[in-house]
Number of protein chains: 2
Amino acid sequence: MRSTCPIAQSLDILGDRWTLLVIRDLMFVGKTQYGEFLNSPEKISTNILAERLKRLEQAGIIEKQAYQNNPPRYEYHLTQKGRDLRPLLSEVCKWGLEYVEDTQIPPSLKQETVQKN
Amino acid sequence: MRSTCPIAQSLDILGDRWTLLVIRDLMFVGKTQYGEFLNSPEKISTNILAERLKRLEQAGIIEKQAYQNNPPRYEYHLTQKGRDLRPLLSEVCKWGLEYVEDTQIPPSLKQETVQKN
DNA sequence: CGGGATCCGTCTTGATACTG
DNA sequence: CAGTATCAAGACGGATCCCG
């Protein structure tokens, strides 16, 4: 928490190399489980993923649901707060497509990513 | 460079705690000089700022213009590539205003920040 | 004096091994 | 297979120095 600027505050939560990628997987790729996030091509490491999931849950952006008890297994889902990051992600995607070379919408990314808006 | 996903690629450039704050200062607060960035309430340190300005210039997001030769002094300005980050920043701002407590548009942020879109 | 570079201590990140 | 422990590497904060 560095100032009351909404951009600075948002960046305290989202401003790192991995958080928005996890949210991308939840929002556009349909992933919900730990192992699915690990399989993404960017290869997040296990401790970083666990820590980000924890922080995102604490921030109220995702929710953890048990779908099995023995052994306990969880699914992660976006809350409304998380779903409302869609326009933001969409702009990140559009900018990347326009300005960064060698980008393409991976098949995993549903087209709504860019179409939306 | 981690995959061809435009989100991942964009995050390679923008995904850290400071880069988008510098761009915020350039885009909405009208800052152009080194010392002005240093004065922002988030208190970026000098080495980080210098390094980010260099990376942003290399990425083609900002340009450095000498406005004085002795001693040499520079102004930094957004390129078109940088200006096109406006919708992205705008979404970051809107999300923060809606979901992060104690945020308010600082007077320094022109209202277009949010109105735009 | 203002724009940076450099150095150093600390905190964060990340790769990997490991545990239930 | 989900998550933790460990430890190395990198990012960061802050002070200081340097140069025009």
Side-chain angles (χ1 to χ4, degrees), chain A residues 1-3 7-26 29-59 61-77, chain B residues 1-3 8-9 11-26 29-59 61-77:
Chain A
M1 210 159 298
R2 302 177 288 189
S3 71
I7 296 179
Q9 297 265 15
S10 299
L11 258 25
D12 270 350
I13 304 176
L14 309 170
D16 76 279
R17 209 171 238 68
W18 295 107
T19 301
L20 286 175
L21 287 177
V22 174
I23 295 171
R24 171 203 63 182
D25 282 350
L26 285 159
V29 194
K31 301 190 174 184
T32 62
Q33 297 177 22
Y34 193 86
E36 297 179 309
F37 301 123
L38 284 183
N39 286 334
S40 290
E42 294 85 10
K43 295 299 165 208
I44 189 171
S45 56
T46 60
N47 56 345
I48 302 294
L49 175 59
E51 197 265 351
R52 291 301 189 279
L53 289 171
K54 213 168 285 175
R55 285 188 39 201
L56 283 170
E57 194 187 1
Q58 283 169 1
I61 292 171
I62 65 174
E63 284 172 337
K64 190 182 190 175
Q65 288 177 11
Y67 67 92
Q68 169 185 314
N69 284 342
N70 198 328
R73 287 293 123 96
Y74 302 94
E75 280 181 349
Y76 299 90
H77 294 280
Chain B
M1 212 160 294
R2 304 176 291 190
S3 71
Q9 297 265 16
L11 258 26
D12 271 350
I13 303 175
L14 308 170
D16 77 278
R17 210 172 239 71
W18 293 108
T19 300
L20 285 175
L21 287 178
V22 173
I23 296 171
R24 171 203 65 182
D25 282 349
L26 285 158
V29 195
K31 300 189 173 183
T32 62
Q33 296 178 22
Y34 193 86
E36 297 179 308
F37 302 123
L38 284 182
N39 286 334
S40 290
E42 294 85 10
K43 294 299 163 207
I44 189 172
S45 55
T46 62
N47 53 348
I48 304 294
L49 175 60
E51 198 265 351
R52 290 302 188 279
L53 289 172
K54 211 169 285 175
R55 285 187 41 201
L56 284 170
E57 194 188 0
Q58 283 169 0
I61 293 171
I62 65 175
E63 285 172 337
K64 191 184 191 174
Q65 288 177 13
Y67 67 93
Q68 169 185 314
N69 284 342
N70 199 328
R73 286 296 121 93
Y74 301 95
E75 281 182 349
Y76 299 90
H77 295 280

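Note that these values count all heavy atoms, side chains included, but never hydrogens, waters or copies made by symmetry. Chain naming here is simple, since letters A, B, ... match the order of the sequence lines and numbering starts at 1 in each.
For DNA chain C, no neighbouring residue in residues 34-44 of chain A is found when judged by any heavy atom under 4.0 Å. The stretch residues 62-70 of chain B touches DNA chain D through B:N70, each having a heavy atom under 4.0 angstrom from the strand. Against DNA chain D, the stretch residues 13-21 of chain B makes heavy-atom approaches under 4.0 Å through B:W18.
Distance CD1/A:I13 to CD1/A:I61: 5.0 Å, rounded to 0.5 Å. A distance of 9.5 Å separates CD1 in B:I44 from CZ in B:F37, rounded to the nearest 0.5 Å.
Under the side chain to side chain contact (heavy atoms under 4.5 Å, CB included) criterion, B:Q58 pairs with B:K54, not counting sequence neighbours. Here B:E51 pairs with B:R55 under the side chain to side chain contact (heavy atoms under 4.5 Å, CB included) rule; sequence neighbours left out. The side chain to side chain contact (heavy atoms under 4.5 Å, CB included) check on A:P72 picks up A:Y74, with sequence neighbours excluded. Judged as a salt bridge (charged side-chain N to carboxylate O under 4.0 Å, His left out), and not counting sequence neighbours, the contacts of B:R52 are B:D16. The side chain to side chain donor-acceptor pair (under 3.5 Å) search around A:Q33 returns A:Y67, not counting sequence neighbours. Applying the side chain to side chain donor-acceptor pair (under 3.5 Å) criterion to A:N39, with sequence neighbours excluded, gives no partner residue. For B:T32, the side chain to side chain contact (heavy atoms under 4.5 Å, CB included) criterion is met by B:E36, B:E75, B:H77, not counting sequence neighbours.
A heavy-atom distance below 4.5 Å is not found between the side chains of A:K43 and A:P41. Under the 4.5 Å side-chain criterion, counting only non-hydrogen atoms from C-beta, B:S3 is not in contact with B:Q9. With contacts defined as side-chain heavy-atom distances shorter than 4.5 Å, the pair B:S45/B:I48 qualifies. A heavy-atom distance below 4.5 Å is found between the side chains of B:I23 and B:L14. Using a 4.5 Å cut-off on side-chain heavy atoms (C-beta onward), A:L11 and B:W18 make no contact.
Results of the side-chain contact (heavy atoms from CB on, under 4.5 Å) test with A:Y76 over A:L53, A:V22, A:L56 single out A:L53 as the only residue that passes.
Counting 5' to 3', DNA chain C first comes under 4.0 angstrom of a heavy atom of chain A and last does so at the ends given by C:dT13 to C:dG20. Bounding nucleotides for the chain B contact on DNA chain D, 5' to 3', at a heavy-atom distance below 4.0 Å, are D:dC12 to D:dG20.
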